[in-house]
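These notes concern the structure reproduced below.
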There are 2 protein chains.
Amino acid sequence: MSTLAEENYLKCIYHLSLNSENVSTNQISASINTRAASVTDMLKKLADKELINYTRYQGVSLTPAGEKIAVHIIRKHRLWEYFLVEKLDFKWDEVHEMAEEMEHISSMELVDRLDKFMGYPKYDPHGDPIPDSNGQFKKHDLQPVSTIGVNDTGVISGVRDHSPGFLQYLEKQQLTIGKKITVTEINTYDHSMVLEIEDSEIHISREVANNLLITL
Amino acid sequence: MSTLAEENYLKCIYHLSLNSENVSTNQISASINTRAASVTDMLKKLADKELINYTRYQGVSLTPAGEKIAVHIIRKHRLWEYFLVEKLDFKWDEVHEMAEEMEHISSMELVDRLDKFMGYPKYDPHGDPIPDSNGQFKKHDLQPVSTIGVNDTGVISGVRDHSPGFLQYLEKQQLTIGKKITVTEINTYDHSMVLEIEDSEIHISREVANNLLITL
DNA sequence: TTATAAATTTAGACAAGTCTAAATTTTATG
DNA sequence: CATAAAATTTAGACTTGTCTAAATTTATAA
Ligand SMILES: [Mn+2]
Ligand SMILES: [Mn+2]
Ligand SMILES: [Mn+2]
Ligand SMILES: [Mn+2]
């Protein structure tokens, strides 16, 4: 099948593809912390295996075969994250690096049993949807808090930044998945916002508002 | 730290060390299915890292540092096997290959939480002892069924052969961990034995008797 | 539209881990 | 004890995945 490095590239290309049709060498290079020259080498290998569409200098996209692998890796990543938080009591900011390793465990049967063991969870600890064993999942309709106005409400359902620093900040402010928020004030100068959550007031910067996602 | 390959070599040397003081290149070569020349290369690397004691042509033994790593890998291997059987309902003959991958997940914290989650199990599904987080475990006193005589009894507590074929055979014959057996007959010609388990009679060959371990 | 900058690829190298074939050392045997 | 056999190591090669430095292509902008 695929090697660990190939799997990481496919997953990376998948994630970058959500924002732009074609993914550039430099985008991949930045995202997986590898030199552009090394990325080019790998892109050739993945193209030879027909996992990506690649034309020199033009960037890449996943083939259906490549996307299938990518989604399966993401399924494993998110299931293991769920396991770590729900069964082993890790915090949501602690699990990413571990899942980065665990997503490469190869047994299909193991993934499906793990899924069953946990009751077929739909979302991971960060609110990201978990693909089912056929690779199906619904991309729920999220938007940054920064896009709504005063007196509007929403439910916290995801994050755009998965860094431990941001997640720890949110946790400390009680800004966790499932919480209902109402915008009570928007500062027109710096676009900072005041939110009401469970009867308490929380001030967040524009940057936080951009990276915190809600459903209406 | 150590690479996946290094970890597998250390674990292999640890297991072989249980039977002989010094482990030979060919023993390792046979056990991990790698050519002797490749083993020599790796032994040099491990010796450079002071994880093994190595003198050319003389075989190797683990240093305390090497043994510590080996035992930690074994701890992870057995904890994951326990998890797969007890939590995900795999059979005892299905888990080895998966654990062979999972034992390389690096987080120490993860192992300890997994251990706690399962209630600090003492033995893995094959009856092998699980080292605690300090690397301590008691080597219980096992002997092959073939070493006891007529009318002697024992409790099945381990296996010497971990192959799926042998484990499946034992399962089918109800010869599973914890069962109490009594020898009722020994055939002097071929050393086959007749055992009594829970009021039923089971015939086993000398080969099986040699690979099935009991405590008295 | 042509020069410069940015992005990307090519060339050449390296570490890890493996292999085959050949040389060397140790062990066994007459 | 001398020699043949077995075990082990060395030599040289290959694959994967990475790097730096140098070319090449594409994009930008005066
Ligand atoms: Mn990964
Ligand atoms: Mn996640
Ligand atoms: Mn292993
Ligand atoms: Mn076991």
Side-chain angles (χ1 to χ4, degrees), chain A residues 1-14 16-17 19-62 66 69-70 73 100-101 103-106, chain B residues 1-14 16-17 19-62 66 69-70 73 100-101 103-106:
Chain A
M1 284 282 90
S2 306
T3 65
L4 186 146
E6 285 171 358
E7 289 182 349
N8 283 337
Y9 274 88
L10 291 173
K11 185 166 63 104
C12 167
I13 294 166
Y14 179 90
L16 292 172
S17 295
N19 299 319
S20 50
E21 191 59 37
N22 261 25
V23 176
S24 75
T25 300
N26 267 6
Q27 280 179 291
I28 299 169
S29 164
S31 158
I32 65 178
N33 235 6
T34 302
R35 297 305 182 155
S38 311
V39 173
T40 299
D41 288 342
M42 180 58 89
L43 294 183
K44 287 183 201 159
K45 282 178 215 162
L46 294 173
D48 282 347
K49 292 191 169 191
E50 301 188 53
L51 298 174
I52 60 172
N53 307 113
Y54 173 53
T55 328
R56 271 160 72 235
Y57 296 101
Q58 298 311 133
V60 299
S61 62
L62 292 173
I69 295 174
I73 303 296
E100 203 59 43
E101 289 183 58
E103 71 191 0
H104 304 289
I105 304 290
S106 58
Chain B
M1 281 283 91
S2 306
T3 65
L4 186 146
E6 285 171 357
E7 289 182 349
N8 283 338
Y9 274 89
L10 291 173
K11 183 166 65 108
C12 168
I13 294 167
Y14 179 91
L16 292 171
S17 295
N19 299 318
S20 49
E21 191 59 36
N22 261 26
V23 177
S24 76
T25 301
N26 268 5
Q27 280 179 292
I28 298 169
S29 164
S31 158
I32 64 178
N33 236 3
T34 302
R35 298 304 183 158
S38 311
V39 172
T40 299
D41 287 343
M42 181 58 89
L43 295 184
K44 286 183 202 158
K45 281 179 218 162
L46 294 173
D48 282 349
K49 292 191 170 191
E50 301 188 53
L51 298 174
I52 61 173
N53 306 113
Y54 173 52
T55 329
R56 272 160 73 233
Y57 295 101
Q58 299 310 133
V60 299
S61 62
L62 293 174
I69 294 174
I73 303 297
E100 203 60 42
E101 290 183 59
E103 71 191 1
H104 303 289
I105 304 292
S106 58

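Here is the naming used below: chain letters follow the sequence lines, and residue numbers restart at 1 for every chain. Only this structure's heavy atoms are used, side chains among them; waters, hydrogens and symmetry mates stay out.
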Of the nucleotides D:dG17, D:dT10, D:dT18, which one has an atom closest to the side chain of A:Thr34?
D:dT18
Checking contacts here: which listed nucleotide (D:dT8, C:dG17, C:dT20) is nearest the side-chain heavy atoms of B:Asn26?
D:dT8
Checking D:dC19, C:dT8, D:dT26 against the side chain of A:Gln58 (C-beta onward), the nearest is D:dT26
In this structure, how many angstroms lie between the C1' atom of D:dT16 and the CG atom of A:Leu43, rounded?
15 Å
Toward the 5' end of DNA chain C, which comes first, B:Ala37 or B:Lys45, by nearest nucleotide?
B:Lys45
Look at the side chain of B:Arg56 and decide which nucleotide, out of C:dT18, C:dT8, D:dT10, has an atom nearest to it.
D:dT10
Measuring from the side chain of A:Thr40 (C-beta onward, heavy atoms only), which nucleotide among D:dT18, D:dT9, C:dT8 has the closest atom?
C:dT8
Using modelled atom types and a 3.5 Å cut-off, is there a donor and acceptor pairing between side-chain atoms of B:Glu101 and backbone atoms of A:Ser106?
yes
Minimum-distance nucleotide to A:Thr25 side chain [options: D:dT9, C:dT8, D:dT18]:
C:dT8
Minimum-distance nucleotide (side-chain atoms of B:Tyr57 versus C:dT24, D:dG17, D:dT25)
C:dT24
If you look at every strand shown and take non-hydrogen atoms under 4.0 Å, does A:Ser38 touch a base, only sugar-phosphate, or nothing?
base
Can you tell me if A:Tyr9 touches the phosphate of D:dT18, counting only side-chain N or O atoms and a distance under 4.0 Å to OP1 or OP2?
yes
Residue A:Met42, side-chain heavy atoms: nucleotide from C:dC19, D:dT18, C:dG17 that is nearest:
D:dT18
